[in-house]
Amino acid sequence: MSQLLERARYLLSAHNARQLPADEGAEVAFAGRSNAGKSSALNALTRQNALARVSKTPGRTQQLVFFQVTPDAHLVDLPGYGYAKVPYELQAHWQAFIDNYFRTREALKGLVVVMDIRHPLKDYDRQMLTYAVQRGLPAHALLTKADKLGRGQQAQTLQKVRKELADAFGDSVSVQTFSGESKQGVDEARAVIGGWLGLNPPADGTRA
């Protein structure tokens with residue numbers, strides 16, 4: 001069940017391909033611009049307070065961080081983008097590493113792109129969604145910090161983003177509103193991720 005996400009524990013951090021765990025089982029990757037609320041989203045989805053570090057200095061995630069849910073299911077926190085004060089050479093390394101990860105990783109089953117609902121679909125968000133769609137992977141957009149807007153503004157932004165995603169990617173990308181603070185949309189997102197990881201029970205209620 002998607003409740004198994006609560007078992008997520010830190011496994012390892014990889015700075016290059018040699019450090020990646022075995023390419024087997026199922027993985028769901030999380031991407032987002034720095035300060036989009038990715039760490040808070042991961043913590044809310046796993047119902048843990050400090051699984052992913054929430055930093056006052058955005059952009060501290062400088063490696064692929066793997067969290068083990070079960071021996072065959074993992075969450076992967078991708079490096080944030082935007083505010084990280086790092087040399088160009090290191091940024092270029094991350095770009096090549098992530099590009100190779102998306103092109104070759106067989107265990108990768110889906111991508112969650114975290115966007116601040118007040119600033120959705122920036123260039124980086126579109127780039128990451130394109131990675132997934134080109135690989136034939138499903139993607140799911142979380143419009144985070146929804147609690148910062150009223151319900152009417154949330155609905156308006158959701159409708160606009162959904163149309164832009166459909167125009168750009170067809171039905172390959174789904175989208176929802178989300179708030180790690182108020183827990184809005186947590187169950188919906190957990191169901192999507194649990195499905196990709198093979199954690200959800202069959203529709204008839206029997207166990208696989």
Just by modelled atom types, is the His15 backbone N or O under 3.5 Å from a matching donor or acceptor in the His93 side chain? yes

Look at the side chain of Gln176 and the backbone N and O of Gly185, then say whether any donor-acceptor pair between them is shorter than 3.5 Å. yes

How close do Ala44 and Val186 get, counting heavy atoms only, and between which atoms? O-CG1, 3.9 Å

Closest non-hydrogen atom pair between Leu143 and Pro120, with its separation: CD2-CB, 4.1 Å

Closest approach of Asn43 to Ala50 (non-hydrogen atoms, all atoms of both residues): OD1-C, 3.8 Å

With heavy-atom distances below 4.5 Å as the criterion, would you say the side chains of Leu199 and Leu5 are in contact? yes

Can you find a pair of side-chain heavy atoms, one from Phe102 and one from Met128, that are under 4.5 Å apart? yes

Interatomic distance, Phe67 atom CZ to Glu27 atom CD [nearest 0.5 angstrom]: 13.0 Å

So do the side chains of Thr177 and Gln184 get within less than 4.5 Å of each other, counting heavy atoms only? yes

Quick one: does Arg7's side chain have a donor or acceptor within less than 3.5 Å of a partner on Val69's backbone? no

Given 3.5 Å as the limit, does a donor-acceptor pair link the side chain of Asp23 with the main chain of Glu106, or not? yes

Does Lys38 use its side chain to pair, donor to acceptor, with the backbone of Asn35 at less than 3.5 Å? no

To the closest 0.5 Å, what do you measure between NE2 (His140) and CG (Leu165)? 11.0 Å

Less than 4.5 Å apart, side chain to side chain, heavy atoms only: is that true for Arg190 and Arg47? yes

Could you state the interatomic distance from CH2 (Trp196) to CG (Leu108), rounded to the nearest 0.5 Å? 9.5 Å

Distance in Å, Leu45 CG paired with Phe30 CZ, rounded so as to fall on 0.5 Å steps: 5.5 Å

Does the Arg9 side chain pair with the main chain of Gln68, one donor and one acceptor, at a distance under 3.5 Å? no

Ionic contact status for Arg135 with Asp99, cut-off 4.0 Å: no

Just wondering, are more than 12 heavy atoms of other shown residues or ligands nearer than 6.0 Å to CG in Asp123? no

All heavy atoms of Leu197 vs all of Ala26, minimum pair found to be CD2-O, 3.5 Å

Less than 4.0 angstrom from a charged side-chain N to a carboxylate O is my criterion; do Asp125 and Arg33 meet it? no

Answer yes or no: is there a side-chain heavy-atom contact under 4.5 Å between Val112 and Leu75? no

Answer yes or no: are there more than 12 heavy-atom neighbours, outside Gln127 itself, under 6.0 Å from its atom CD? yes

In short, Gly37 meets Val114 closest at the heavy-atom pair C-CG1, 3.9 Å

Between Gln19 and Gln63, is any side-chain donor less than 3.5 angstrom from a side-chain acceptor? no

Gln153 and Arg118, any side-chain heavy atoms less than 4.5 Å apart: no

Working note: Leu111 + Leu137, criterion side chain to side chain contact (heavy atoms under 4.5 Å, CB included); need CA distance, chi angles, decisive distance, verdict. CA-CA 7 Å; Leu111 171 69; Leu137 294 171; 5.9 Å; no

Quick one: closest heavy-atom pair of Ser179 and Ala146, and the distance? CB-N, 4.1 Å

Check whether Thr46 reaches the backbone of Glu6 with its side chain - one donor and one acceptor, N or O, closer than 3.5 Å. no

Is there a side-chain contact between Glu24 and Asp72 (heavy atoms, below 4.5 Å)? no

CG on Leu51 to CG on Asp77, rounded to 0.5 Å: 9.0 Å

Verify, without hydrogens or angle tests, whether Asp116 (side chain) and Ala36 (backbone) share a donor-acceptor contact under 3.5 angstrom. no

First locate atom CG of Leu78, then atom CG of Leu64, and finally report the distance between them rounded to the nearest 0.5 Å. 5.0 Å

Starting from the C-alpha separation in whole Å, work towards a yes-or-no answer on side chain to side chain contact (heavy atoms under 4.5 Å, CB included) for Val76 and Arg105. CA-CA 12 Å; Val76 186; Arg105 191 73 173 174; over 6 Å; no

Reference residue Lys160; test side-chain contact (heavy atoms from CB on, under 4.5 Å); the match among Glu164, Lys163, Gln156: Glu164

Which of parallel (below 30°), tilted (30 to 60°) and perpendicular (above 60°) describes Phe66 and His74? perpendicular

